[in-house]
Amino acid sequence: MSMVEFKSVTKAFGSITVLKDVDLKVEAGEVVVLIGPSGSGKSTLLRCINALETIDGGDLVVDGISVKEGRSRVRMIRQEAGMVFQQFNLFPQMTALGNVSFGSRKVRGLGRREAEEQARELLAKVGLAERGHHYPSELSGGQQQRVAIARALAVKPKLMLFDEPTSALDPELRHEVLRVMQQLAEEGMTMIVVTHEMSFARKVGTRLIFMEGGKISVDGDPAQLLDHSENPRLRDFLQHVH
Amino acid sequence: MEFDWSVIADAMPTLLSGARVTILITLVGLAGGMILGVVAGTMRAYGGVILNAIALAYIELIRGTPMLVQVMFIYFALPMLANIRVDPLSAAITAIMINAGAYIAEIVRGALLSVNKGLREAGLALGLPTWKVLFYIIGPLAFRRMIPPLGNQFIISLKDTSLFIVIGVAELTRQGQDIMSTTFRAVEVWSAVAILYLVMTGVMTLVLRVTEKRMRIL
Ligand SMILES: Nc1ncnc2c1ncn2[C@@H]1O[C@H](COP(=O)(O)OP(=O)(O)O)[C@@H](O)[C@H]1O
Ligand SMILES: [Mg+2]
């Protein structure tokens with residue numbers, strides 16, 4: 001069974017169709033890097049997986065559960081699929097420790113002590129052992145994004161979705177987030193990552209997908225595609241992100 | 001004419017008992033109004049089409065009619081329509097409740113919608129049901145933003161209780177009127193009444209300021 005399976009998925013906002021008959025299978029352990037021009041549907045594709053957007057046609061199955069099965073099943077999908085947003089979206093009224101322990105307490109039902117202990121381990125893992133008592137507003141963007149990754153991991157997902165996790169960061173802060181993501185990939189986490197970081201795609205990605213106009217137009221090995229793609233629009237796109 | 005302090009001294013016990021009734025109506029009415037307002041405001045911000053329409057109908061009905069007419073309706077018309085007896089105090093409390101509730105609903109709705117949508121999505125993405133996202137994440141953030149407009153509404157509601165003179169509730173304005181009609185000392189009586197209202201609204205403002213300060217974090 002695939003971790004994620006899109007079966008002719010269609011998604012429209014009003015009269016514009018944003019995903020057009022998308023078919024895609026992602027297996028456990030894959031690190032899929034999703035690229036494409038702005039507006040090509042990358043975020044929408046990601047957000048359909050954890051049902052932040054509802055699909056209009058076809059079917060989408062995540063770890064055996066269809067996004068169309070109903071609310072409580074959708075919540076199970078969301079617990080399986082952690083998400084990291086471009087704008088971090090940390091809860092501003094909670095400390096880093098509060099943010100990370102929140103999911104295990106309110107979703108997994110752990111007690112405070114246990115949840116905080118686990119949160120401390122996760123913060124250490126993302127290199128922020130000393131920052132647990134800081135509020136998001138007291139952290140740099142790179143630190144906030146690492147807290148956000150730890151927050152998503154606290155629910156113990158099987159799959160991680162990243163939507164341009166470094167795009168809101170200054171260039172010198174990006175590597176610290178990318179390093180955490182690389183470590184996660186090395187531990188075997190299944191990941192789908194929308195990013196413009198081509199070095200990450202080459203080094204960490206096991207698969208590169210190029211989207212255009214709501215469709216997957218190229219799907220293959222990252223190094224192969226980055227160096228010798230036949231597709232002129234992909235080559236053109238890569239020239240502009242470099 | 002001379003300002004006669006003894007009039008005030010004599011009137012004070014009666015005025016204070018009136019102030020107590022004013023406070024009772026305000027506190028109980030606002031407590032109910034907060035519950036109504038939070039429910040209706042949440043329905044407006046997050047309810048589906050039907051819940052939203054119900055809340056909107058309630059809000060527009062109340063905002064579109066004078067409070068004086070509302071309390072007259074509750075006190076005089078409701079008993080005829082539904083065959084239930086309403087005592088003046090209950091009518092007054094109910095009027096504050098449904099009236100403040102409608103305005104508070106709009107405050108709640110605005111505050112809920114002003115919280116960054118990304119936080120709601122982050123909560124949902126963890127696998128939480130919507131009500132938990134509202135209760136643990138959006139609600140606390142929205143609450144802090146509600147305090148200044150809520151303070152405004154609380155003060156308006158407190159002053160609105162003086163309208164209940166028309167149904168004979170023994171609140172502060174009514175007591176002032178009673179004393180006036182026996183002593184004819186308008187300057188002293190209405191000065192004392194005004195100062196008592198000022199003290200009550202002043203305390204309310206102070207409590208809200210302190211609450212806002214204590215909720216510094218965002
Ligand atoms: N909530 C929405 N309402 C209406 N249109 C939307 C919404 N979200 C995205 N879109 C539109 O869908 C298209 C794809 O958007 P998106 O998936 O965000 O693209 P990408 O992430 O590749 O830039 C764009 O044209 C965008 O304007
Ligand atoms: Mg996007």
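Predicted model, so just to flag it, every value in this text is computed and none were measured. All values below come from the heavy atoms of this structure, side chains included, with hydrogens, waters and symmetry mates left out.
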Original post:
Do we get B:Lys159 above B:Tyr197's six-membered ring, with its NZ or CZ under 6.0 Å from the centre and within 45° of the axis?
Top reply: no

Original post:
Given the options A:Arg75, A:Arg71, A:Arg151, which has more heavy-atom pairs under 4.5 Å with chain B than any of the others?
Top reply: A:Arg75

Subject >> Lys/Arg cation over aromatic B:Tyr58: B:Arg44, 6.0 Å, 45° cone >> reply: no

Original post:
Which of these passes side chain to side chain contact (heavy atoms under 4.5 Å, CB included) with A:Phe88: A:Leu139, A:Val147, A:Leu169?
Top reply: A:Leu169

**OP:** Name the region of A:Arg47, side chain, backbone, both or neither, that has any atom closer than 4.5 Å to a heavy atom of chain B.
**Re:** side chain

Subject >> Per-residue contact mode, A:Val107 against chain B (heavy atom under 4.5 angstrom) >> reply: both

Subject >> A:Gln79 portion near chain B, given a 4.5 angstrom heavy-atom threshold >> reply: both

Original post:
Going by an N to O cut-off under 4.0 Å, is there a salt bridge joining B:Arg145 and B:Glu212?
Top reply: no

Original post:
Considering only heavy atoms, which portion of A:Leu90 lies under 4.5 Å from any heavy atom of chain B: side chain, backbone, both, or neither?
Top reply: backbone

Original post:
Non-hydrogen atoms of chain B under 4.5 Å away: do they reach the side chain of A:Ala51, the backbone, both or neither?
Top reply: neither

**OP:** Report the option among A:Asn50, A:Asn89, A:Val84 that has the most heavy-atom pairs separated by less than 4.5 Å from atoms of chain B.
**Re:** A:Asn89

Original post:
Between A:Arg120 and A:Glu117, does at least one N-O distance fall below 4.0 Å, as a salt bridge requires?
Top reply: no

Original post:
In terms of side-chain geometry, is the basic nitrogen of A:Arg179 or A:Glu176 positioned less than 4.0 Å from the acidic oxygen of its partner?
Top reply: no

